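This is a predicted model, so every value here is computed, not measured.
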Amino acid sequence: MFNLLVVFGVLIVSGIVFVLFTGFSGPKKGAGAAPEEGFPPAPPLGMDALVERAEALLARYAIRVEGRAEGAPGEVTLLGASDDPLLGGRYIVTCLTAPEGGVVPSTRLLEFRDEVKANGATKGVFMTDGAFGSDARFLLEDAPVTLLDRTDLARPAGAPGGPGTLDESRGAS
């Protein structure tokens with residue numbers, strides 16, 4: 001009986017010490033997702049510029065745009081297809097405008113990954129004028145998805161295989 005009282009006493013003291021060190025407060029305000037390293041502050045590009053860059057990227061690889069779907073506010077998805085023997089297949093490109101300094105939520109990227117897999121797409125490209133969280137590329141390493149943020153979109157396109165291209169190895173290509 002005495003041993004039982006000692007165990008309960010130790011548990012109660014441990015709980016009090018835990019509360020004293022951690023406190024009762026919840027998560028700190030504004031402690032959302034942090035952007036990846038080296039993310040420069042800049043004004044958003046806007047939806048028209050994002051869609052224009054997405055169409056140019058698809059055209060560069062001779063992928064025809066077969067459809068356009070407006071999603072949530074500030075989001076447009078382009079559906080593309082190619083009959084090319086090497087690049088053939090279906091492509092999904094989602095453009096998302098983010099508020100200044102905004103970070104794309106990881107849950108949205110997981111939804112996009114599932115959308116790419118469910119549609120049997122050859123490749124998915126997620127473009128944003130914001131940033132991706134520091135865990136984004138880890139979350140998508142098993143999916144045929146390329147992530148292009150404001151930094152990637154600011155660079156010139158260059159040769160195939162370089163930054164901002166469909167065959168780039170960023171994300172989970």
Side-chain angles (χ1 to χ4, degrees), residues 32-84 86-137 139-173:
E36 293 180 307
E37 295 267 331
F39 182 70
L45 295 173
M47 182 54 69
D48 293 337
L50 279 175
V51 171
E52 181 180 305
R53 290 180 191 204
E55 289 172 343
L57 181 64
L58 292 175
R60 179 175 185 203
Y61 290 93
I63 299 169
R64 67 186 173 281
V65 176
E66 291 190 330
R68 176 182 168 143
E70 304 263 344
E75 186 173 317
V76 172
T77 299
L78 300 174
L79 304 173
S82 174
D83 297 325
D84 184 276
L86 295 176
L87 295 175
R90 298 173 52 168
Y91 293 83
I92 299 174
V93 181
T94 295
C95 303
L96 177 73
T97 58
E100 190 169 333
V103 177
V104 177
S106 297
T107 54
R108 179 59 190 107
L109 294 174
L110 293 174
E111 290 170 1
F112 180 68
R113 177 197 64 189
D114 294 343
E115 179 182 349
V116 169
K117 287 182 176 182
N119 287 313
T122 305
K123 183 81 161 176
V125 180
F126 198 100
M127 301 172 73
T128 183
D129 58 358
F132 296 108
S134 55
D135 64 340
R137 300 195 196 280
L139 289 172
L140 300 175
E141 69 185 358
D142 65 334
V145 172
T146 296
L147 303 176
L148 300 175
D149 62 15
R150 176 175 41 217
T151 306
D152 298 321
L153 297 175
R155 288 189 222 134
T165 62
L166 291 177
D167 44 347
E168 159 188 26
S169 64
R170 291 191 65 186
S173 300

Test Leu110 against Leu139 for side-chain contact (heavy atoms from CB on, under 4.5 Å), laying out the working first.
CA-CA 7 Å; Leu110 293 174; Leu139 289 172; 4.1 Å; yes
Check: Thr122 side chain, Arg90 main-chain N or O, donor-acceptor pair, under 3.5 Å
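Flag set: sc Thr122 to bb Arg90 pair under 3.5 Å.
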Kindly say whether Thr128 contributes a backbone atom to a donor-acceptor pair with the side chain of Asp149 at under 3.5 angstrom?
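No, Asp149 side chain to Thr128 backbone: no donor-acceptor pair under 3.5 Å.
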Atom [atom1] of [X] and atom [atom2] of [Y]: how far apart are they, to the nearest 0.5 Å?
| X | Y | atom1 | atom2 | answer |
| --- | --- | --- | --- | --- |
| Asp114 | Leu109 | CG | CG | 11.0 Å |
| Ser106 | Glu111 | OG | CD | 11.0 Å |
| Asp129 | Thr151 | CG | OG1 | 11.0 Å |
| Leu78 | Tyr91 | CG | OH | 14.5 Å |

Determine, stepwise, if the pair Val65 / Leu79 fulfils side-chain contact (heavy atoms from CB on, under 4.5 Å).
CA-CA 6 Å; Val65 176; Leu79 304 173; over 6 Å; no
Does the pair Val51 and Arg68 meet the rule for a side-chain contact (heavy atoms from CB on, under 4.5 Å), with working shown?
CA-CA 10 Å; Val51 171; Arg68 176 182 168 143; 3.6 Å; yes
What are the two closest non-hydrogen atoms of [X] and [Y], and how far apart are they?
| X | Y | result |
| --- | --- | --- |
| Gly46 | Thr97 | C-CG2, 3.7 Å |
| Met47 | Cys95 | CE-O, 3.7 Å |
| Phe132 | Ala136 | CB-CB, 3.7 Å |
| Leu50 | Met127 | O-CE, 4.1 Å |
| Asp84 | Leu86 | OD1-N, 2.7 Å |
| Val103 | Gly133 | CG1-N, 3.5 Å |

Counting C-beta onward and ignoring hydrogens, is there a side-chain heavy-atom pair between [X] and [Y] closer than 4.5 Å?
| X | Y | value |
| --- | --- | --- |
| Leu148 | Val125 | yes |
| Arg108 | Thr94 | yes |
| Leu140 | Leu147 | yes |
| Phe126 | Thr146 | no |
| Arg64 | Asp83 | yes |
| Val93 | Leu57 | no |

Trace of the side-chain contact (heavy atoms from CB on, under 4.5 Å) decision for Lys117 with Asp142
CA-CA 11 Å; Lys117 287 182 176 182; Asp142 65 334; 3.5 Å; yes
Can a salt bridge be assigned to the pair Arg53 and Asp48 using a cut-off of 4.0 Å between side-chain N and carboxylate O?
no
